[in-house]
K.L.:
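Before anything else, here's the structure in question.
Values below: every heavy atom of this structure, side chains too, minus hydrogens, waters and symmetry copies. Each residue takes its place number in the sequence, starting with 1.
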Amino acid sequence: MQEKWQRSCLVRVDVLKPKLLIVELWGLGDLVIATPLLRAAVERFEVTLLAKPYAVDLQRRLWPEVRIVPFVAPWTAFKNKYQLWRWPLPHIIQLRRKLMDERFDAGLSARWDPRDHFLLNLVGAKKRIGFPRMRSEIFLTEALARPEREAHRYESWRVIARALDMELPPREQIFIPPIAQGRGTVLVHTGAGQSIRVWPLEHYRSLAARLRSKKFRVQIACDADQRDWWLRAGEENIATPVTVSELVELTDRAAVFIGNDSGPGHLAAFCGVPTFTIFGPQLPEWFAPLHPQSEWARGKACPYLPCSDYCRFPEPICIRKITEEEIWERVEKFLADRMPQPASA
């Protein structure tokens with residue numbers, strides 16, 4: 001009888017949690033960076049996350065108590081985002097009704113994006129928290145001051161957390177679970193969300209050859225549009241993960257991760273894998289992976305850096321001019337500090 005009463009009380013407490021809508025409509029890396037806030041929020045709120053469909057795979061690994069509402073916002077497309085006749089308006093209307101029916105007590109976005117703020121207002125969240133831009137404070141009930149311009153993206157989530165009376169740890173104190181002992185694979189992922197962020201594949205091929213000559217076991221992973229290039233280059237055992245779950249499986253076998261500024265690197269870092277990131281048009285101060293042992297190579301100087309991936313030159317000099325020797329020198333030290341005993345080939 002007592003056990004039944006206790007279960008009833010637990011259910012009642014859960015029902016009384018206020019409903020919180022979190023909007024993060026952009027990339028895989030952005031969702032991973034939001035993880036500390038999502039994990040803290042479920043302790044006090046019934047959390048719904050509006051995000052791209054791959055958030056469902058992330059949920060299983062990173063925040064199982066968060067409810068996911070998948071949505072590919074048409075304004076997050078890289079090109080032609082405002083061709084309104086292509087927008088899935090019936091789906092957007094249906095989604096709005098669904099979210100309005102939830103009667104959220106609060107909604108938030110950590111982006112200074114008026115579209116997010118309008119959306120929070122549109123779905124009727126009672127309390128709407130965000131960083132205003134272009135007078136978007138008219139859609140918010142609590143407009144927050146942005147962190148310093150040089151601050152990491154994670155700092156925006158810390159400011160948001162304080163508005164919810166929560167405190168997130170500083171970046172260097174985030175708990176990252178250690179990886180299992182005995183892993184010996186260097187995972188080299190050559191893909192990225194935009195081609196402007198990709199260090200030349202021929203450089204990655206040379207890097208892999210050098211690693212193998214030092215008896216490191218290397219697993220090449222790439223995006224689907226890079227697979228044929230790697231096959232022509234003679235790479236036989238290529239992983240081409242299509243889903244986040246497949247990417248997690250690869251990451252869980254890796255001792256370290258080497259790759260471009262992209263979602264897979266952020267995911268690897270939060271799964272406990274130290275990362276070495278080759279940056280191009282973005283700033284590591286803003287988007288370095290959150291693992292405390294992560295390192296990176298900065299993109300070459302450019303008058304337009306950061307350019308939000310819209311390069312003004314025929315090719316992105318910021319990443320294409322990073323030489324093999326520069327990266328090898330950094331990677332060799334990175335591995336020496338983390339994998340002092342190379343795995344047998």
Side-chain angles (χ1 to χ4, degrees), residues 27-39 58 61-62 147 150-158 168-181 183-193 197-199 203-204 207-208 211 216 218-221 241 244 247-248 250-300 305-306 318-319 322 326-340 342:
L28 175 63
D30 297 300
L31 282 169
V32 174
I33 291 171
T35 292
L37 185 282
L38 289 163
R39 288 178 172 174
L58 280 178
R61 179 61 177 255
L62 298 180
E150 297 78 15
H152 192 277
R153 178 86 175 89
Y154 170 66
E155 293 303 316
S156 296
W157 290 109
R158 294 189 72 205
L168 297 182
R171 181 158 58 112
E172 60 276 9
Q173 295 179 18
I174 296 173
F175 173 73
I176 303 291
I179 60 175
Q181 295 294 322
R183 296 189 191 181
T185 299
V186 178
L187 177 58
V188 177
H189 193 295
T190 63
R197 298 190 184 198
V198 175
W199 195 47
H203 292 349
Y204 273 116
L207 177 64
L211 291 170
F216 287 103
V218 177
Q219 171 66 65
I220 299 293
V244 170
L247 184 59
V248 168
L250 280 173
T251 300
D252 282 343
R253 297 194 292 269
V256 296
F257 176 101
I258 300 172
N260 304 304
D261 171 28
S262 63
H266 287 284
L267 179 59
F270 230 92
C271 289
V273 179
T275 62
F276 185 91
T277 304
I278 303 172
F279 276 86
Q282 196 51 276
L283 301 179
E285 290 86 355
W286 291 357
F287 287 105
L290 293 176
H291 195 289
Q293 294 185 41
S294 290
E295 294 187 14
W296 54 85
R298 183 183 300 276
K300 293 296 184 180
L305 198 70
C318 56
I319 196 164
I322 301 175
E326 289 177 85
I327 296 302
W328 174 246
E329 181 180 351
R330 297 284 308 280
V331 164
E332 195 171 27
K333 183 178 185 305
F334 172 76
L335 293 176
D337 293 342
R338 292 156 186 82
M339 295 179 66

K.L.:
Report yes if some heavy atom in the side chain of Trp157 is under 4.5 Å from a heavy atom in the side chain of Ile33; otherwise report no.
P.N.:
yes
K.L.:
Counting N and O atoms only, with roles assigned by atom type, does the side chain of Arg153 sit under 3.5 Å from a partner on the main chain of Trp286, one being a donor and the other an acceptor?
P.N.:
no
K.L.:
Should Leu335 and Leu211 be marked as a side-chain contact (heavy atoms from CB on, under 4.5 Å) after you check the CA-CA gap, both sets of side-chain angles, and the distance that decides it?
P.N.:
CA-CA 10 Å; Leu335 293 176; Leu211 291 170; 3.2 Å; yes
K.L.:
Compare every heavy atom of Gly272 with every heavy atom of Ile179, then report the nearest pair and how far apart it is.
P.N.:
CG2-O, 3.0 Å
K.L.:
Is Leu207 close to Val218 at the side-chain level, that is, under 4.5 Å between some pair of heavy atoms?
P.N.:
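No, side chains not in contact.
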K.L.:
Rounded at 0.5 Å granularity, tell me how far CZ in Phe276 sits from CZ in Phe257.
P.N.:
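Output value for this atom pair is 12.0 Å.
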K.L.:
Using modelled atom types and a 3.5 Å cut-off, is there a donor and acceptor pairing between side-chain atoms of Trp199 and backbone atoms of Ile322?
P.N.:
yes
K.L.:
Looking only at non-hydrogen atoms, find the nearest pair between Gln282 and Pro306 and report the distance.
P.N.:
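Closest approach of Gln282 to Pro306, heavy atoms only: OE1-CB, 3.5 Å.
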K.L.:
Against His189, only a single residue in Leu250, Leu247, Asn260 fulfils side-chain contact (heavy atoms from CB on, under 4.5 Å); can you say which?
P.N.:
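The passing option is Leu247.
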K.L.:
Could you go through the side-chain contact (heavy atoms from CB on, under 4.5 Å) check for Leu28 and Leu58 one step at a time?
P.N.:
CA-CA 9 Å; Leu28 175 63; Leu58 280 178; 3.5 Å; yes
K.L.:
Could you check if a side-chain atom of Ile258 sits within less than 4.5 angstrom of a side-chain atom of Ile327, using non-hydrogen atoms only?
P.N.:
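Answer no - side chains too far apart.
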K.L.:
Could you work out, with side-chain contact (heavy atoms from CB on, under 4.5 Å) as the rule, every residue matching Ile176, not counting sequence neighbours?
P.N.:
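Ile176: side-chain contact (heavy atoms from CB on, under 4.5 Å) contacts with Ile174, Phe270, His291, Pro292.
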K.L.:
Hey, are the side chains of Leu283 and Leu305 touching, using non-hydrogen atoms and a 4.5 Å cut-off?
P.N.:
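Yes - at least one pair of side-chain heavy atoms lies under 4.5 Å apart.
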K.L.:
I need the full list of salt bridge (charged side-chain N to carboxylate O under 4.0 Å, His left out) pairs touching residues 270-294, with sequence neighbours left out, sorted by first then second residue.
P.N.:
Glu285-Arg298
K.L.:
Side-chain contact test, heavy atoms from C-beta onward, threshold under 4.5 Å: evaluate it for Pro169 versus Tyr154 and give yes or no.
P.N.:
yes
K.L.:
Tell me the closest heavy-atom pair linking Glu326 and Lys300, and the distance in Å.
P.N.:
OE1-NZ, 2.7 Å
K.L.:
Could you list the residues that satisfy side-chain contact (heavy atoms from CB on, under 4.5 Å) with Pro177, not counting sequence neighbours?
P.N.:
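Scan of Pro177 (side-chain contact (heavy atoms from CB on, under 4.5 Å), adjacent residues dropped) gives Phe175.
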K.L.:
Can you confirm whether His266 sits close enough to Asp261 that some side-chain heavy atom of one is under 4.5 Å from a side-chain heavy atom of the other?
P.N.:
yes
K.L.:
Which heavy atom of Ala208 sits nearest a heavy atom of Ile220, and at what distance?
P.N.:
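Smallest heavy-atom distance, with atoms named: CB-CD1, 4.0 Å.
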K.L.:
Decide yes or no for His152 and Leu290: does some side-chain heavy atom of the first lie under 4.5 Å from some side-chain heavy atom of the second?
P.N.:
yes
K.L.:
Given Arg183 and Val273, is the side-chain contact (heavy atoms from CB on, under 4.5 Å) satisfied, shown in steps?
P.N.:
CA-CA 10 Å; Arg183 296 189 191 181; Val273 179; 3.7 Å; yes
K.L.:
Heavy-atom distance under 4.5 Å between the side chains of Leu62 and Arg39, does that happen here?
P.N.:
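Yes, close enough: below the 4.5 Å cut-off.
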K.L.:
How close do Arg338 and Pro274 get, heavy atom to heavy atom, and via which atoms?
P.N.:
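Shortest heavy-atom separation between Arg338 and Pro274 comes out as CD-CB, 3.8 Å.
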K.L.:
Provide the closest heavy-atom pair for Ser262 versus Ala192 in the form atom of the first, atom of the second, distance.
P.N.:
CB-CA, 3.9 Å
K.L.:
Can you name the residues that form a side-chain contact (heavy atoms from CB on, under 4.5 Å) with Glu172, not counting sequence neighbours?
P.N.:
Pro170
K.L.:
Under the side-chain contact (heavy atoms from CB on, under 4.5 Å) rule, collect the residues that match up with Arg61, sequence neighbours excluded.
P.N.:
Val248, Asp252, Cys271
K.L.:
Please collect all side-chain hydrogen bond (donor to acceptor under 3.5 Å, both in side chains) contacts where either partner lies in residues 269-281, sequence neighbours excluded, each pair once.
P.N.:
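Passing the test, one end in residues 269-281: Thr275-Ser294.
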